[in-house]
Amino acid sequence: MQISKLRNIGIAAHIDAGKTTVSERILFFTGVNRKVGETHDGQATMDFMKQEQERGITIASAAITAQWKEHQINLIDTPGHVDFTIEVERSLRVIDGMVAVFCAVGGVEPQSETVWNQADKYRVPRIAFVNKMDRTGADFNEVVGQMNKYLGANATPIQLPMGSESDFLGMIDLVAMKAVTFTDKERIVGDIPEEYMAAAIEARKAMIEKVADFDDDIAMLYLEDGEISEEMLKKALRNATIKLLITPVLCGAAYKNKGIQLLLDAVIDYLPSPTDIGAVMAHNPQDEERTIQRNPTINEKFSALAFKLINDPYVGQQTFIRIFSGKLSSGMSVFNTNKNKNERVGRIFRIKAKEREEISEAGAGEIVALVGMKHTRTGDTLCDEAQPILLESIQVPPAVIEMKVNLEDKKSRDKLGEALAKLCNEDPSFHSHFDEETEETIISGMGELHLEILVERIRDEFKVPISVGEPSVSFRETITTSVENAYKHVKQSGGKGQFANTVIRFEPNPGKGFEFIDVTKGGVIPKEYIPSIEKGLRKAMEKSPVAEYPVVDVKCVLVDGSYHPVDSSDMAFQLCAAQCFKQAFKKANPIIMEPVMKIEVNTPDDFIGNVTRDLNKRRGRIENMRRFRKGSQKLDGFCPLMEMFGYATALRNVTSGRANYSMEFYQYMPMPAVKQEEIILQRQKAKNV
């Protein structure tokens, strides 16, 4: 396969916009499936997990390979629910282009904005597909307007719908100036009906004006009223799309098989191949400042990024990788730069969701799954050991909600540990730890649904009988003032003693996490003990001495200290640093930080007052209100997560079931002093019980 004929694309959108239905139709029309799978009856190929089929939503991103017009398309269908943002994040890191699906009724919704911003961060070119044009309330122009207003998309319609709602017949291809209608499985291309001709000419003129801003040849012909050919227009649209200057917009009704073939054509015509994206930038592992380029050819040294792990009951752990350069063959040895270890590639698979096709080799630009990786995790770089590089990793959002897990059968403790380890490997936004004091296992993740599904998987997949407590908020603590503290750790017990002395300055480090800097001079503490001090500090920050929550955003500057040639040791300096931190923390005006959620509520005008009052009671802050459509509005704002438990029921009650909402993690923010005291008291009571 020529690299120029390869398309690595993702399909992303807000929940219920119809991403998985679009994916299923793509699989049908490209011949991957003989029949169409439906989300609502649990038969979707891409939603193959039991939990996805039961809920009719996508939970894990699924990869699949299809062929269209002599091109290979590697397609990744991603979740729309905010609890699974990590799935979108890691998919966007490895794709070259994206199809953003919008509901013709709902328009730009909260998760649409989140996904769009993630795609902006990774500079992913995209085309938009306005789906559900056959639904009551569908409005193509309104969605295009919202894309420009809320996303800054420079949305450029390359199609014009013929009718909408129950009268949706098909669309006009503004590039070819042809009308396209559909039978059950076929598209029929014909002349534009007379009643749509004036609107089509106007829309094509607007499209050419947009493209002329970025293409001098088109601009010249447009000003001179010259003939602009279809090929010339396609080339200009493609260049502008790849440079992120415009977003071509298409329309259709995926469920009714309308518009999918044209969408596939657009993927080939306008979205980039790996060669269009060009060289990937990487770092030299020995010198972070030095960048290295890897071109997307099989002649370069091998480099790839692991972006997903899944446990398959038949072949074991599968590691999904995107190959950026070079060639990979089964049995080959590759170097994991992050773990500083060699890995031997066992088997290579092309993936069709839950099915696999074994191949002997894969080249630059491809997305494949490997079996046999022992050390590789999400975000790790695999490369040639002779020329190691470090690719940009994948950002993992912080866990904001936690839950206690108890075993119903104590004999299953080892099985639970094994299940949690596998799930943590698969999903970097999921964490678990064992609390020695309470002898309870705590799991934490991105939201209630996220944890609910993982608990189901522990029971169903791993056959571990567990019960769970109520979800609770995952708080953090930090300091607000700088404090310098000296601590000397001395212990004599007959034989060899313990000695360590550290002077450390602790400073607030908002939004930058933990930082450790050594500014000591003259070898007052030997170099081999510096990592021990950092390790001791990290360990101590796992649980604060005040409310026992993890401590974040602290810069630790090692200023001075001393050691004993005989009694000093790695453990002595670890213990010394931990105690130094615990003493200083209480003096540094510590505060509790709580996760604050970005929320959006869609409500009819009649209930604005009720919704606003209810959010105010929850310490919510409304930033703005905007007209959503006639008779209803969208409220944007922020609210602490701890106040949002049970909000779905409360919203139904105050709006007679006519409003809906969505929320996503925004950031950790300081909690009001009164609330902090309540939380600390609750923690102390729970400890004394």
Side-chain angles (χ1 to χ4, degrees), residues 1-8 63 65 72 74 76 90-96 122-123 272-310 315-351 356-395 425 428:
M1 173 62 67
Q2 291 176 27
I3 297 177
S4 62
K5 292 199 167 183
L6 192 59
R7 299 288 183 275
N8 292 314
T65 300
Q72 180 179 310
N74 291 323
I76 298 178
R90 57 178 163 195
S91 301
L92 286 169
R93 175 66 187 86
V94 296
I95 58 177
D96 299 322
Y122 290 115
R123 295 196 56 75
S273 70
T275 48
D276 293 316
I277 295 295
V280 67
M281 302 305 294
H283 293 288
N284 183 321
Q286 271 75 48
D287 181 5
E288 286 281 322
E289 298 300 309
R290 244 184 82 207
T291 55
I292 302 165
Q293 279 192 355
R294 283 279 187 270
N295 292 303
T297 73
I298 58 170
N299 303 321
E300 283 265 13
K301 292 286 186 188
F302 172 74
S303 67
L305 186 78
F307 69 96
K308 182 177 174 64
L309 274 72
I310 62 169
V315 297
Q317 183 177 284
Q318 290 182 161
T319 306
F320 283 77
I321 65 163
R322 159 70 194 266
I323 303 172
F324 286 100
S325 63
K327 199 163 70 173
L328 181 71
S329 48
S330 51
M332 185 170 145
S333 176
V334 295
F335 183 65
N336 183 323
T337 316
N338 301 73
K339 303 292 188 295
N340 203 26
K341 284 184 161 86
N342 282 311
E343 291 266 39
R344 184 162 293 281
V345 177
R347 296 154 80 192
I348 307 172
F349 289 107
R350 244 188 220 114
I351 299 297
R356 301 166 294 279
E357 174 201 344
E358 187 164 356
I359 54 177
S360 58
E361 60 178 35
E366 294 211 61
I367 290 174
V368 292
L370 308 181
V371 173
M373 300 285 102
K374 290 187 171 69
H375 312 291
T376 303
R377 299 291 175 261
T378 297
D380 284 359
T381 299
L382 297 174
C383 61
D384 189 299
E385 190 180 8
Q387 290 184 21
I389 60 166
L390 194 59
L391 294 161
E392 182 192 349
S393 192
I394 293 163
Q395 289 187 357
N425 279 345

For Phe302 versus Lys327, what's the shortest heavy-atom pair and its separation?
CD1-O, 3.8 Å
Working to the nearest 0.5 angstrom, can you tell me the gap between Leu370 CG and Phe349 CZ?
10.0 Å
Heavy-atom distance under 4.5 Å between the side chains of Val345 and Met373, does that happen here?
yes
Expected output: side-chain Glu300 to main-chain Arg294 donor-acceptor under 3.5 Å:
no
Cation-pi check, Arg322 onto Phe320 ring (under 6.0 Å, within 45° of axis):
no
Closest contact, heavy atoms only, Ile348 versus Leu328:
CD1-O, 3.9 Å
Flag side-chain contact, heavy atom, 4.5 Å: Arg7 against Gln72
no
Test Phe307 against Ile367 for side-chain contact (heavy atoms from CB on, under 4.5 Å), laying out the working first.
CA-CA 10 Å; Phe307 69 96; Ile367 290 174; 3.9 Å; yes
Using modelled atom types only, decide if a donor and an acceptor are shared between the side chain of Glu343 and the backbone of His375 within a distance under 3.5 Å.
yes
If I compare all heavy atoms of Ile389 with all of Cys383, which pair ends up nearest, and what's the gap?
N-SG, 3.6 Å
If I take atom OG1 from residue Thr319 and atom CG from residue Asp380, how far apart are they, to the nearest 0.5 angstrom?
9.5 Å
Is there a side-chain contact between Leu309 and Gln318, using heavy atoms and a 4.5 Å cut-off?
no
Do the side chains of Val280 and Ser325 get nearer than 4.5 Å, heavy atoms only?
no
Are Lys339 and Thr376 close enough that some pair of their side-chain heavy atoms sits under 4.5 Å apart?
no
N/O donor-acceptor pair under 3.5 Å between Thr337 side chain and Leu390 backbone:
no
Any side-chain heavy-atom pair from Thr381 and Leu305 closer than 4.5 angstrom?
yes
Donor-acceptor contact present, side-chain Asn295 to main-chain Thr297, <3.5 Å
no
What are the two closest heavy atoms between Leu391 and Ala282, and how far apart are they?
CD2-CB, 3.9 Å
Asn74 side chain to Glu366 backbone, donor-acceptor under 3.5 Å:
no
Does some side-chain heavy atom of Val368 sit less than 4.5 Å from a side-chain heavy atom of Ile323?
yes
Kindly give the heavy-atom pair with the smallest separation between Phe324 and Arg93, and that separation in Å.
CZ-NH1, 3.9 Å
Minimum heavy-atom distance Ala306-Ile321, with the two atoms named
CA-CG2, 3.9 Å
